[in-house]
Amino acid sequence: MPLSRRTLLTTLPASALLAVAAPLRARAAARPTTTGVADPGANPGADPGANHAALLANTVAIFAGTAESNARPETAAKLAALTSTARARLAALDGAGPGELFKGLPLGTSDANLNTSYQYLYEIALATRAPGPAPSDLRDNVDVRRRVIDALARLHDTYYGDQSKGYYGNWFNWEIGISASVSKTLVLLKEELAAYRPGLTATYLASMDAYLRNGKDGDVDLDSRFHTGANLADITTNRILQGAVTGDDARVVKAVADQLTVYATVDPYNPRHGVTDGFYADGSFIQHDSVAYTGSYGKVLLTRAVQTVKILDGTDYINTADLVAVVRGWVADGFAPLVFEGWMMEIVKGRGVSRTATGYTDVAVVVEAVVDLSGHTTGPDATALKGYVKFVRQTSKAALDPVVFVSPVSVARYADILADTSVPAADLGDDASHTAFNAMDRTVHRRPGYAFALARSSNRISKYEYMSGENLMPWFQGDGAHHLYLTGQDQTLAFGVDYYTTVSPYRLPGVTAPVETRRTIPELYGTAWYDNPERGFTSSSESQNTYVYFPRGTNTLSGGARLGTYGAVGLVLGDDAAYAAKQAGELPDDFVAYRNAAATKSWFMFDDEIVVLAAGVGDPAGRAVTTTLDSRIAAASDTVTVTGRLRDGSDWPGADGGGGTAPGPVDWLRYADAGQGVSVGYVFLDAGGDRGGVPRPAVTLDTVTRSRRVVRTSNPDTPVTKRVFSLSVDQPAGARRLSTAHALVPNATERQLAAYEKYGRYGRGPLTVVANTTRVQAVEHRGLSILAANTFTPGTHHAGRLTIDGAASVLVRTSRDGTVSLAVSDPTTERGTVSLTLRGRWLRAVATDDGVRVRRVLGGTRIDVDTHQAHGHSLTARLR
């Protein structure tokens, strides 16, 4: 498969980093002691002592700031927040009751409370190390530091050091969370520990090593499913700091080498150590082996990677310029397409969609990373990164408060960027773009005025993520659910936790779901997971992951093609892995699994419209089925109206804001929220296929009040009231399969919608539904001269002038000079070759990607595309 320039920019620096890993491991093996005394034969010229001093100074600067950064007026609020937090923690320390170190955090059975207790100690220690111009009774306060050290000793002696009593609850807290707080605290209080309790550091290192139970001999195991992606970056960062504190250069060097594996672009056909977690060539990010996770674990990895750049600055372990180049590629290709006006899209946040602090807060984390990254680049790269920081600030509907940044140094650098008039605000991508994240079954289509984000699933990518009582009703989030973000809107009023709280989980936009009531995991089993150790189900077992936390689909077809800024995507709905295993008798009798409905779907993404086709919609079990075309929320006080036109020329009867089922075929409907100043149009197309015609959609517009706790057990019991609009096509139990076709028109006016005039048997305005069956779905956009098609089954398929062999996704566009551009992808990721014929006069190849062959055949032009191990990547050709 040919590598695009973007792919090359992303993978080559990663290869350079991996080339360093082997020598680093050899260097670590040559320094087996923990004395910090250099072995001159291991790496002549290397000075471990100087390296460790630089690591420690850099780490303190990251978290506590420097005298220079903290003297800046812009950092005053950040420093005040550090001090205020520390004072609150000290008050909680003073107010602790029996069995507590901090008031309100009982210890002994709660690993989460133990983890939080260590975090609180770190926050107190941090305030004693932060320099600043304002006087502080915490700064350099030996008594406070020794209180922290005594508390560390108490926690170790009573709740942490006994390995036979520890490691209950969540493995993450024991292997990563607690170690992160402890390691940073050991750095901050290094000198005080040496003077006051000189043996405590070594005691903690031994225990932290012992708690790496998913590792190997108290260290990282690159073959462990727990030591991958963002988790591996966290663990190795902890070990870098531990080595620097103790003068153990072997630990530092080995940890750096292990962390370098995270930065390699994942090759799904040849994964290193069997790991599929990480960034892919198309910008996708996966964690937990199959979860699309850029907006949660991805941003954790981004933060940790940039901190690694800063921690290793001035040392001789690696050339940080190579690491900077890799991370810069992540930002441009993996993060920027998913950030809309300062909001992180929901489709890549897993269970994080149920948290109250999300969206704009997520992007603040990304902005801090970009701010820091810009300080390690020069020239056009630095300008682009700084311009992106300004762009996010200008387009975001939430004011970014740099107090949330981790580092005071980042706060000062952020102020410098905003004050630099030589740098224009600019996105890292174009206003009009189409990003096919096929490696993680996600698609993002952007135009001035809106962004359309689509979540899919397959036997490669999970349908959803549920875990730890978070995202309690996730069942259909990966079944073609979409989010339509509109320019100028405060996205907290349109999406976020309140969206999932008030919109029915069975009525997510784009979803076809059976009419039934499903129960959450806690409702089913009384705990946050399915507990059955005898059958391999424990809180963090592979069976729990596979069947409860993030089950994959059973369908193979999910993907699409990209031609410039346009795209086509196809999906065949499938059951999840749990239902298939249950039917096969592989799961216990008391394990509950749910069956999905059936549908074959396509999304064709143009400029003004997203055309959605569905065929074979129904239920093999005969249940009633609802296909939701869209659902949106508004404030309870907003004026929301639904207007429209029926095919007989009459007005939609619910124009006063009411709902109901259409009394006849509908031309178009328009949703408008006057309070937010937004609108969406829906143009109904003749569906074509075996069940043609125009279904009569149903509109509901209800006022819904629910507690945020319905989606996450740890959310505050806060009631949320919203006006909820839903547009659906409903099928009664036992109904025959049907086909639907409609176009979403963002920001539509009634005049614009009325202009979609009927053309031919299947068309509306510039749009024609060429085919809509479970075998082939295709649309022609005459205004753009685009023919787009998805095929789903083996055999020969016809769509307009296209003949396609087997399953494929194809876009063809004809320019005014007669040049034909086309893009082809394999949405199954399993085909070796995709072949198609373009009927008409013979066209010769002007330019083709490697693996695309063009030849003349009777009646047209044959194009054979080598899709072997392309992993859904689009291959293109230009013909004339």
Side-chain angles (χ1 to χ4, degrees), residues 170-172 214 224-231 266 268 271 274-278 280 284-301 346-355 437 439-442 455-481 500 505 508 511 518 520-522 524-525 527-532 536-556 558 571 573-582 586-587 591-594 596 711-713:
N170 190 336
W171 74 272
F172 181 94
N214 290 298
S224 169
R225 67 184 174 89
F226 294 87
H227 293 189
T228 64
N231 289 335
V266 177
V275 173
T276 56
D277 288 355
Y280 287 67
S284 297
F285 175 80
I286 291 173
Q287 186 78 27
H288 296 330
D289 197 48
S290 61
V291 179
Y293 232 160
T294 316
S296 189
Y297 272 94
K299 64 183 177 66
V300 171
L301 176 56
E346 274 77 5
I347 62 171
V348 289
K349 293 197 291 199
R351 66 185 189 269
V353 297
S354 63
R355 297 171 187 166
F437 291 116
M440 62 177 179
D441 279 351
R442 299 295 187 267
R456 299 173 276 110
S457 56
S458 63
N459 60 353
R460 306 174 295 278
I461 297 297
S462 300
K463 283 182 172 289
Y464 53 80
E465 187 199 30
Y466 158 81
M467 193 185 295
S468 303
E470 294 188 296
N471 202 22
L472 291 165
M473 300 181 289
W475 306 293
F476 305 103
Q477 290 171 2
D479 282 348
Y500 290 95
L508 297 178
V511 163
R518 300 187 177 192
T520 68
I521 295 300
L524 286 170
Y525 309 118
T527 60
W529 60 86
Y530 173 65
D531 192 31
N532 190 341
F537 286 87
T538 59
S539 64
S540 58
S541 66
E542 289 194 61
S543 295
Q544 200 80 230
N545 291 350
T546 301
Y547 300 120
V548 179
Y549 289 159
F550 24 85
R552 304 184 193 200
T554 53
N555 54 301
T556 60
S558 174
L571 172 68
L573 287 186
D575 291 310
D576 66 27
Y579 181 80
K582 180 78 172 182
E586 298 170 359
L587 295 178
F591 188 97
V592 178
Y594 294 105
N596 268 10
V711 294
R712 183 172 179 251
T713 56

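Only a predicted model underlies this, so the values are computations on that prediction, with no experimental measurement involved.
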Verdict with reasoning, Leu301 to Phe285, per side chain to side chain contact (heavy atoms under 4.5 Å, CB included): CA-CA 10 Å; Leu301 176 56; Phe285 175 80; 3.7 Å; yes
Could you check Asp277 against Thr228 for side-chain hydrogen bond (donor to acceptor under 3.5 Å, both in side chains), going step by step and ending with a plain yes or no? CA-CA 6 Å; Asp277 288 355; Thr228 64; 2.6 Å; yes
Under the side chain to side chain contact (heavy atoms under 4.5 Å, CB included) rule, what do Gln477 and Val353 come out as? Steps first, then yes or no, please. CA-CA 10 Å; Gln477 290 171 2; Val353 297; 4.3 Å; yes
Which is it for Tyr500 and Met473 under the side chain to side chain contact (heavy atoms under 4.5 Å, CB included) test, yes or no, and what are the steps along the way? CA-CA 9 Å; Tyr500 290 95; Met473 300 181 289; over 6 Å; no
If you apply the rule side chain to side chain contact (heavy atoms under 4.5 Å, CB included), what do you find for Asp576 with Asn596, and how did you get there? CA-CA 8 Å; Asp576 66 27; Asn596 268 10; over 6 Å; no
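Contacts of Asp479 classified as salt bridge (charged side-chain N to carboxylate O under 4.0 Å, His left out), with partners at least two apart in sequence or in another chain: Lys463. Applying the ring-ring contact (aromatic ring centres under 6.0 Å, His included) criterion to Tyr525, with sequence neighbours excluded, gives Tyr530. Taking the side-chain contact (heavy atoms from CB on, under 4.5 Å) definition, one finds that Ser296 meets it with Tyr293, Arg355, sequence neighbours left out. Legend: residues meeting side-chain hydrogen bond (donor to acceptor under 3.5 Å, both in side chains) with Ser290, ordered by chain and number and at least two apart, are Ser462. In this structure, the side-chain contact (heavy atoms from CB on, under 4.5 Å) partners of Ala528, at least two apart in sequence or on a different chain, are Tyr466.
Remark: the backbone N or O of Pro474 is not paired with any side-chain donor or acceptor of Asn471 at under 3.5 angstrom. Side-chain N or O atoms of Glu470 include none that pairs as donor or acceptor with a backbone N or O of Arg712 at under 3.5 Å. For Arg460 (side chain) and Thr556 (main-chain N/O), a donor-acceptor pair under 3.5 Å exists by modelled atom type.
Phe591 and Phe537 have tilted rings, their planes meeting at an angle from 30° to 60° on a 0 to 90° scale.
Taking both residues in full, the closest heavy atoms of Ile347 and Ala455 are given as CG2-CB, 4.0 Å, listed atom of the first, atom of the second, then distance. Across all their heavy atoms, Ser224 and Asn214 have their closest contact at OG-O, 2.9 Å. Phe437 and Arg456 make their closest contact through O-NH2, 4.4 Å (heavy atoms, listed as atom of the first residue, atom of the second, distance). The heavy-atom pair separating Ile286 from Ala439 by the smallest distance is CD1-O, 3.4 Å. Heavy atoms only, all atoms of each residue included: Ser458 and Asp441 are closest at OG-OD2, 2.8 Å. Of all the heavy atoms in Leu587 and Ala578, the pair that sits closest is CD1-O, 3.5 Å.
A side chain to side chain donor-acceptor pair (under 3.5 Å) check over residues 541-555, counting only residues at least two apart or in different chains, returns the pairs Asp289-Arg552.
Using a 4.5 Å cut-off on side-chain heavy atoms (C-beta onward), Pro522 and Leu472 make contact.
The distance from the CG atom of Asn231 to the NE2 atom of His288 is 7.0 Å, given to the nearest 0.5 Å. Atom CD1 of residue Ile461 and atom OG of residue Ser558 lie 8.5 Å apart, to the nearest 0.5 angstrom.
Between Trp171 and Phe226, the ring centre distance stays below 6.0 Å. The aromatic ring centres of Tyr464 and Phe476 sit 6.0 Å or more apart.
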